Amino acid sequence: MEYLIDTQVFLWSLLDTSKLKPHVIEILENEENKIYLSSMTFWEIALKNQAKKLDLKGISVIQLPHIAQQFNYTILNLSPYDYVSTGQIPLKENHKNPFDRILIQTAIRNNLVLISNNAKFQQYEENGLQLLWE
């Protein structure tokens with residue numbers, strides 16, 4: 001199976017696996033699954049780290065792509081179509097986060113199951129998002 005993990009799931013897989021559901025850990029550790037991580041995730045983490053909104057517990061932001069590869073996560077480089085097609089999903093009144101929206105559209109466009117605990121993502125299932133957390 002192929003999955004896309006959101007930024008929070010990536011960080012928890014590195015820093016605090018106790019926040020992950022047991023079945024999510026099984027998915028991440030199962031070598032038969034292909035786990036994707038959006039290249040945009042690194043930008044989001046860098047911005048939050050620089051703004052002091054994120055504690056990486058001594059890990060340098062520069063190390064994160066290498067660490068992701070050590071975890072056997074495949075870094076998914078976004079295409080221009082991933083960006084421009086974001087306008088194809090409805091802009092929800094309570095959810096305008098551009099990082100989230102690009103993850104959602106990337107999962108839909110690439111037929112990936114998005115692993116996220118963000119409750120706001122559920123409203124995009126009607127638009128074709130395959131979401132996994134519970």
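Since we're looking at a predicted model, the values are computed, not measured.
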(message) Under 4.5 Å between side-chain heavy atoms, counting indirect links through other Ile/Leu/Val/Met/Phe/Trp/Tyr residues: same cluster for Phe42 and Leu76 or not?
(response) no

(message) As a quick check of understanding, evaluate side chain to side chain contact (heavy atoms under 4.5 Å, CB included) for Thr17 and Trp12, giving each step before the final call.
(response) CA-CA 5 Å; Thr17 56; Trp12 287 342; over 6 Å; no

(message) For residues 111-133, which residue pairs pass the salt bridge (charged side-chain N to carboxylate O under 4.0 Å, His left out) check, not counting sequence neighbours?
(response) Lys92-Glu126

(message) Test of understanding: with side-chain hydrogen bond (donor to acceptor under 3.5 Å, both in side chains), list the residues that count as partners of Gln122, not counting sequence neighbours.
(response) none

(message) According to a hydrophobic-cluster definition based on side-chain heavy atoms being under 4.5 Å apart (Ile, Leu, Val, Met, Phe, Trp, Tyr only), do Ile75 and Ile45 belong together?
(response) yes

(message) Going by side-chain hydrogen bond (donor to acceptor under 3.5 Å, both in side chains), name the residues that satisfy it together with Lys19, two or more places apart in sequence or in a different chain.
(response) none

(message) Test of understanding: clusters of I, L, V, M, F, W, Y form through side-chain heavy atoms closer than 4.5 Å, transitively. Do Leu11 and Trp43 belong to the same one?
(response) no

(request) Not counting sequence neighbours, which residues clear side-chain hydrogen bond (donor to acceptor under 3.5 Å, both in side chains) with Asn77? List them please. (result) none

(message) With side chain to side chain contact (heavy atoms under 4.5 Å, CB included) as the criterion, how do Trp133 and Val9 come out once you've worked through the C-alpha distance, each side chain's angles and the decisive distance to 0.1 Å?
(response) CA-CA 10 Å; Trp133 184 255; Val9 171; 3.8 Å; yes

(message) Test of understanding: with salt bridge (charged side-chain N to carboxylate O under 4.0 Å, His left out), list the residues that count as partners of Lys21, not counting sequence neighbours.
(response) Glu134

(request) Please tell me if the side chains of Leu132 and Val24 come closer than 4.5 Å, counting only heavy atoms from C-beta onward. (result) yes

(request) Can you sort out the partners of Phe71 under ring pair (Phe, Tyr, Trp, His ring centres under 6.0 Å), two or more places apart, ordered by chain and number? (result) Tyr73

(message) Show me the pairs that pass salt bridge (charged side-chain N to carboxylate O under 4.0 Å, His left out) and involve residues 60-73, at least two apart or across chains.
(response) none

(message) Would you say that Leu64 contacts Thr41 through its side chain, given a criterion of any heavy-atom pair below 4.5 Å between the two side chains?
(response) no

(message) Going by side-chain contact (heavy atoms from CB on, under 4.5 Å), name the residues that satisfy it together with Ser60, two or more places apart in sequence or in a different chain.
(response) Ile62, Gln63

(message) Could you measure the distance from the CD1 atom of Ile27 to the CG atom of Leu20? Nearest 0.5 Å is fine.
(response) 10.5 Å

(message) Ignoring hydrogens and geometry beyond distance, is a side-chain donor-acceptor pair present between Gln123 and Asn94 at under 3.5 Å?
(response) yes

(request) Treat each ILVMFWY residue as a node, draw an edge where side-chain heavy atoms are under 4.5 Å apart, and state whether Leu14 and Tyr3 are in one component. (result) yes

(message) For Leu129 versus Phe121, what's the shortest heavy-atom pair and its separation?
(response) CD2-O, 3.5 Å

Please tabulate, one pair per line, all N/O donor-acceptor pairs under 3.5 Å involving side-chain atoms of residues 46-56, not counting sequence neighbours.
residue	atom	partner	partner atom	Å
Lys48	NZ	Glu44	OE2	3.2
Asp55	OD1	Lys57	N	2.9

(request) Just do the side chain to side chain contact (heavy atoms under 4.5 Å, CB included) check on Ile35 and Leu28 with the steps written out, would you? (result) CA-CA 7 Å; Ile35 309 298; Leu28 297 177; 4.0 Å; yes

(message) In this structure, would Phe10 and Leu4 fall into the same cluster of hydrophobic residues linked by side-chain contacts under 4.5 Å?
(response) no

(request) Using side-chain contact (heavy atoms from CB on, under 4.5 Å) as the criterion, list what pairs up with Gln70, not counting sequence neighbours. (result) His66, Ile67

(message) By the side-chain hydrogen bond (donor to acceptor under 3.5 Å, both in side chains) test, which pairs, at least two apart or in different chains, include something from residues 26-38?
(response) Glu2-Tyr36

(request) Mind running side chain to side chain contact (heavy atoms under 4.5 Å, CB included) on Leu114 and Ile5 for me, showing each step along the way? (result) CA-CA 6 Å; Leu114 180 59; Ile5 58 174; over 6 Å; no

When the side chains of residues 97-113 are checked against the rest of the protein, which donor-acceptor pairs come out under 3.5 Å, sequence neighbours left out?
residue	atom	partner	partner atom	Å
Asn97	OD1	Phe99	N	2.8
Asn97	OD1	Asp100	N	3.0
Asp100	OD2	His95	NE2	2.9
Asp100	OD2	Asn118	ND2	3.2
Arg101	NH1	Pro90	O	2.9
Arg101	NH2	Thr86	O	3.2
Arg101	NH2	Ile89	O	3.1
Gln105	NE2	Ser85	O	3.4
Gln105	NE2	Ser85	OG	3.2
Thr106	OG1	Ile102	O	2.6
Arg109	NH1	Asp82	OD1	2.8
Asn110	ND2	Thr106	O	2.8
Asn111	OD1	Gln130	NE2	2.8

